Amino acid sequence: QVQLVESGGGLVQAGGSLRLSCTASGRANSANVLGWFRQPPGKEREFVAAITWSVGTTYYGDSVKGRFTISRDLAKNTVNLQMNSLKPEDTAVYYCAGTPALYSDHVMLADRYPFWGQGTQVSVSS
């Protein structure tokens, strides 16, 4: 199996930036698709972004497209999420998730990802 560990969360002012990282260990081929999901307080888990490890194809949720950028560092087995122009609505626990493979139109479905990190808190103040 693959283990996923998030880092980089914190408190930031609206309009600011933050970078999250997800480091994978173990069986790397168990997570060819790496995604970021977030869960605001009292709300459902929401798709943020995803990337394929092999090719680097990226996918974004509508609420973050144009502001967030997902990338991968092959040497470090790490997926990064650069978050710019942050809004209070971005406040949530952010989770890294992985899956061996899925249909491209299913990248936003949390139940397709068997591997999850512990989550990291992102708080954006107004």
Side-chain angles (χ1 to χ4, degrees):
Q1 292 187 333
V2 61
Q3 292 78 48
L4 304 174
V5 179
E6 305 96 332
S7 63
L11 176 64
V12 66
Q13 296 272 27
S17 298
L18 207 60
R19 184 172 67 183
L20 305 182
S21 296
C22 173
T23 299
S25 61
R27 296 173 59 86
N29 60 5
S30 295
N32 186 50
V33 182
L34 281 302
W36 286 98
F37 292 79
R38 66 187 184 185
Q39 188 164 18
K43 298 181 66 176
E44 298 293 321
R45 191 163 297 188
E46 175 190 27
F47 173 73
V48 177
I51 189 169
T52 65
W53 189 254
S54 56
V55 178
T57 305
T58 59
Y59 307 85
Y60 294 95
D62 291 340
S63 63
V64 306
K65 191 172 185 178
R67 299 188 297 125
F68 292 8
T69 303
I70 189 170
S71 62
R72 76 203 199 281
D73 187 329
L74 298 175
K76 297 181 179 180
N77 290 328
T78 297
V79 174
N80 299 310
L81 184 69
Q82 179 66 46
M83 305 185 294
N84 298 327
S85 301
L86 283 163
K87 305 174 181 179
E89 304 93 282
D90 296 318
T91 295
V93 177
Y94 283 69
Y95 296 91
C96 179
T99 185
L102 45 61
Y103 295 109
S104 61
D105 57 354
H106 290 171
V107 295
M108 73 293 296
L109 303 179
D111 62 2
R112 305 299 176 128
Y113 293 77
F115 307 112
W116 292 83
Q118 81 288 347
T120 186
Q121 176 70 49
V122 172
S123 298
V124 184
S125 64
S126 59

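Model, not experiment: these values are computed from the prediction.
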Does any part of the side chain of [Y], heavy atoms only, come nearer than 4.5 Å to the side chain of [X], both counted from C-beta?
X	Y	result
Val107	Leu102	yes
Val122	Leu20	yes
Val48	Tyr95	no
Val79	Trp36	yes
Phe115	Thr99	no

To the nearest 0.5 Å, tell me how far [X] [atom1] sits from [Y] [atom2].
X	Y	atom1	atom2	value
Tyr113	Leu4	OH	CG	11.5 Å
Phe68	Thr58	CZ	OG1	14.5 Å
Leu81	Leu34	CG	CG	12.0 Å
Asn77	Cys22	CG	SG	10.5 Å
Asn84	Gln82	CG	CD	4.5 Å

Closest approach of [X] to [Y] (non-hydrogen atoms, all atoms of both residues):
X	Y	answer
Gln13	Ser125	OE1-OG, 2.8 Å
Pro88	Ala14	CD-CB, 4.1 Å
Gln3	Gln1	NE2-O, 3.6 Å
Pro114	Gly98	CD-O, 3.1 Å
Ala24	Val2	CB-CG2, 3.8 Å

Taking [X] for the side chain and [Y] for the main chain, is one N or O donor matched with an acceptor at less than 3.5 Å?
X	Y	value
Glu46	Gln39	no
Thr52	Thr57	yes
Arg72	Trp53	yes
Thr120	Gly9	yes
Asn80	Arg19	no
Glu6	Cys96	yes

Original post:
Mind checking whether Val93 and Met108 sit in one hydrophobic cluster, side chains of I, L, V, M, F, W, Y counted as touching below 4.5 Å?
Top reply: yes
**OP:** Please list, chain by chain and in numerical order, all residues satisfying side-chain contact (heavy atoms from CB on, under 4.5 Å) with Lys76, sequence neighbours excluded.
**Re:** Asp73, Thr78
**OP:** Please name all residues satisfying side-chain contact (heavy atoms from CB on, under 4.5 Å) with Val12, sequence neighbours left out, ordered by chain then number.
**Re:** Leu86, Val124
**OP:** Output all residues satisfying salt bridge (Lys or Arg N to Asp or Glu O under 4.0 Å) with Arg67, sequence neighbours left out; order by chain, then residue number.
**Re:** Asp90
Original post:
Are there more than 12 heavy atoms of other residues, nucleotides or ligands under 6.0 Å from atom CG of Asp111?
Top reply: yes
Original post:
Considering the options Lys87, Glu89, Arg38, which one meets the side chain to side chain donor-acceptor pair (under 3.5 Å) requirement together with Ser63?
Top reply: Arg38
Subject >> Plane angle bin for Phe37 and Phe47 - parallel if under 30°, tilted between 30 and 60°, otherwise perpendicular >> reply: perpendicular
